[in-house]
Amino acid sequence: ILYFFIFSYFITQIFRYIFSILKNTSLIPADKLFIANIIAGTLIIQTVVLLFILFYSIKTYRAFPFSLKITKKNLAKKCLSAVLIISFMFPWVFLFSFIGILLSQKFNIPVKPHMVTEYIIKNKLDFASVYMMIYAAIGAPFFEEIIFRGFLYTTIRKYFGVLAAIITTSFIFSLFHMNFLQYFYIFGLGITLALIYEATSNLWFSILLYSKNNITALILTLILKYN
């Protein structure tokens, strides 16, 4: 099951890459390109993969390897742990991002904005842009945290330990975003999300942090668009 959803998610990224190559060509118009990309390449495939994982888990183990249940027990302690981890990791995430910028400049690596950011800035607020913003703020954090921290991290941790699980899931998490400038930043973010999940044992904390991260990026994108 682990190999299945890693492979399926990788196929999703291949679809996104192919669509990005076809952008502004006669094969697929730019507007229909992104609609096809976000619906076929992101939502549908990720949803199918996630549903298969959930179905397989229920059928085989009668339970999930992660928790989404919020209880009042130790809630304050878990919130404090999450805040402390974020405070500790913030300068490190910033450092990782700075390293990515330096390497891109040193080796003359073309740096392009994320497809969602580029589309929102260059186009009016149509169905595709609104959909992408909603998915980035809500859908992506939920689906990706279940996949990376809920299943992948939990599985690797069980067999190889906490450190291996944190490094491996953060590395794969960064690669799946397919943007060189984001690799290092997302790697640091992945470590932060894994540490929070490890400290709280509840996936909602990492989902909320990831959602907050994406919402902040969207707000900055809209400010850049209209200024």
Side-chain angles (χ1 to χ4, degrees), residues 1-17 38 41-43 45-47 49-50 53 64-66 68 82 85-86 88-90 92-101 103-104 112-117 132 135-218:
I1 188 65
L2 176 63
Y3 291 133
F4 176 82
F5 75 73
I6 291 178
F7 174 77
S8 299
Y9 201 88
F10 184 68
I11 292 298
T12 299
Q13 305 309 315
I14 291 179
F15 270 104
R16 295 177 64 184
Y17 181 71
I38 60 180
T42 303
L43 180 61
I45 296 179
Q46 289 185 9
T47 302
V49 172
L50 178 61
I53 295 170
F64 301 130
F66 55 87
L68 286 171
I85 291 172
I86 294 172
F88 173 76
M89 286 301 301
F90 178 78
W92 291 100
V93 173
F94 179 81
L95 177 62
F96 288 142
S97 180
F98 184 67
I99 291 174
I101 295 174
L103 290 177
S104 64
K112 295 183 178 180
H114 191 275
M115 287 190 297
V116 173
T117 303
M132 283 188 283
Y135 186 81
I138 302 174
F142 184 78
F143 282 105
E144 293 182 17
E145 282 309 290
I146 286 181
I147 291 175
F148 285 100
R149 254 59 63 179
F151 282 96
L152 186 59
Y153 175 82
T154 303
T155 304
I156 296 177
R157 182 185 186 279
K158 179 179 179 181
Y159 295 102
F160 301 101
V162 174
L163 181 61
I166 291 176
I167 299 300
T168 303
T169 54
S170 300
F171 178 71
I172 298 176
F173 184 56
S174 65
L175 289 182
F176 279 145
H177 285 77
M178 301 186 72
N179 186 309
F180 181 83
L181 190 58
Q182 286 189 317
Y183 285 162
F184 298 89
Y185 167 75
I186 296 297
F187 180 76
L189 177 63
I191 293 177
T192 305
L193 295 171
L195 289 173
I196 289 177
Y197 178 59
E198 179 67 28
T200 62
S201 300
N202 191 293
L203 212 56
W204 280 117
F205 287 91
S206 59
I207 290 175
L208 290 175
L209 175 60
Y210 192 6
S211 178
K212 180 260 181 187
N213 176 82
N214 286 2
I215 290 174
T216 302
L218 289 172

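Throughout, numbering of the chain's residues begins at 1 and tracks the sequence.
For T117, the side-chain contact (heavy atoms from CB on, under 4.5 Å) partners at least two apart in sequence or on another chain are P113, H114, I121, T221. For Y210, the ring pair (Phe, Tyr, Trp, His ring centres under 6.0 Å) partners two or more places apart in sequence, or in a different chain, are F173. Scanning for side-chain contact (heavy atoms from CB on, under 4.5 Å) contacts around F88 gives W92, with sequence neighbours left out. In this structure T216 satisfies the side-chain contact (heavy atoms from CB on, under 4.5 Å) test together with K212, L220, sequence neighbours excluded. Partners of A217 under the side-chain contact (heavy atoms from CB on, under 4.5 Å) rule, at least two apart in sequence or in another chain, do not exist in this structure.
The CG atom of L193 sits 4.5 Å away from the CZ atom of R149 when rounded to the nearest 0.5 Å. The distance from the CD1 atom of I167 to the CD1 atom of I156 is 11.0 Å, given to the nearest 0.5 Å. Considering CG of L208 and CD1 of I196, their distance stands at 9.5 Å, rounded to 0.5 Å. The CG atom of L195 sits 4.5 Å away from atom CD1 of I166, with the distance rounded to the nearest 0.5 Å. One distance of note links OG1 of T200 with CZ of F205; it measures 5.5 Å at 0.5 Å rounding.
Residues F184 and F98 form no side-chain contact, since every pair of their non-hydrogen atoms from C-beta on lies 4.5 Å or further apart. Annotation: side chain of V93 is not in contact with side chain of S97 (no heavy-atom distance under 4.5 Å). Residues Y153 and F148 have side chains not in contact (no heavy-atom distance under 4.5 Å, counting atoms from C-beta outward). Looking only at side-chain heavy atoms (C-beta outward), L189 and F96 stay at 4.5 Å or farther from each other.
Within the structure, salt bridge (charged side-chain N to carboxylate O under 4.0 Å, His left out) contacts touching residues 179-195 (residues at least two apart or in different chains) do not occur. Evaluation of the salt bridge (charged side-chain N to carboxylate O under 4.0 Å, His left out) test over residues 174-188, restricted to residues two or more places apart or in two chains, returns none. Applying the side chain to side chain donor-acceptor pair (under 3.5 Å) test to pairs two or more places apart or on separate chains, none has a residue in residues 162-174. Among pairs with a residue in residues 164-177, none fulfils salt bridge (charged side-chain N to carboxylate O under 4.0 Å, His left out), at least two apart in sequence or across chains. The list of salt bridge (charged side-chain N to carboxylate O under 4.0 Å, His left out) pairs with a residue in residues 154-176, not counting sequence neighbours, reads R157-E198. Counting only residues at least two apart or on different chains, the side chain to side chain donor-acceptor pair (under 3.5 Å) pairs with a member in residues 181-192 are Y185-N213.
Considering every non-hydrogen atom in both P141 and S211, the closest pair reads CG-CA, 3.6 Å.
Checking side-chain atoms of N214 against main-chain N and O of A137 turns up no donor-acceptor pair under 3.5 Å. Panel note: side chain S104, backbone I101; a donor-acceptor pair is recorded below 3.5 Å.
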Take I86 and L209 through the test side-chain contact (heavy atoms from CB on, under 4.5 Å) and record every step on the way to the result. CA-CA 9 Å; I86 294 172; L209 175 60; 3.8 Å; yes
Tell me, with the steps shown, if I191 and F187 meet side-chain contact (heavy atoms from CB on, under 4.5 Å). CA-CA 6 Å; I191 293 177; F187 180 76; 3.5 Å; yes
